[in-house]
Amino acid sequence: MKGITYLTDNRNNKVAVQIEIQTLKKYEEKIEELLDILISEVRSNEKSKKWQNVKKSLRTKGKLD
């Protein structure tokens, strides 16, 4: 794909990707969606917290009125 370069190790395994700014701007919305999916997947195993406890904690820290 134009504007995207894969960086490889000495065995030619892809280890990173380099995206040109113009390409990044062109696909910004899709990249944000991909990142949201990845974050959601990573967090899927986290324990959930009750909203009341989160709210209380935020109020204690002065981050919520």
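When a residue number appears, it is its place in the shown sequence, counting from 1. The model shown is predicted, which means the values in this text are computed figures rather than measured ones.
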Which pairs would a plain distance check flag for residues 15-38, meaning a side-chain donor or acceptor within less than 3.5 Å of a matching protein atom at least two apart in sequence or in another chain?
none

Open item on the list: To the nearest 0.5 Å, what is the distance between CD on Glu41 and CD1 on Ile39?
Closed with: 12.0 Å
TODO: Taking side chain to side chain contact (heavy atoms under 4.5 Å, CB included) as the test, write out the residues that go with Lys2, two or more places apart.
DONE: none
Open item on the list: If the condition is side chain to side chain contact (heavy atoms under 4.5 Å, CB included), which residues does Asn13 pass it with, not counting sequence neighbours?
Closed with: Asp9, Arg11
- [ ] For the pair Thr60 (side chain) and Lys56 (backbone), establish whether a donor and an acceptor sit closer than 3.5 Å, ignoring hydrogens and angles.
- [x] yes
- [ ] Answer with yes or no whether the hydrophobic clustering places Ile4 together with Leu7; edges join I, L, V, M, F, W, Y residues whose side-chain heavy atoms lie under 4.5 Å apart.
- [x] no
TODO: Could you identify which residues cluster with Leu64, counting Ile, Leu, Val, Met, Phe, Trp and Tyr as linked when any side-chain heavy atoms lie under 4.5 Å apart, either directly or through a chain of such contacts?
DONE: Trp51, Val54, Leu58
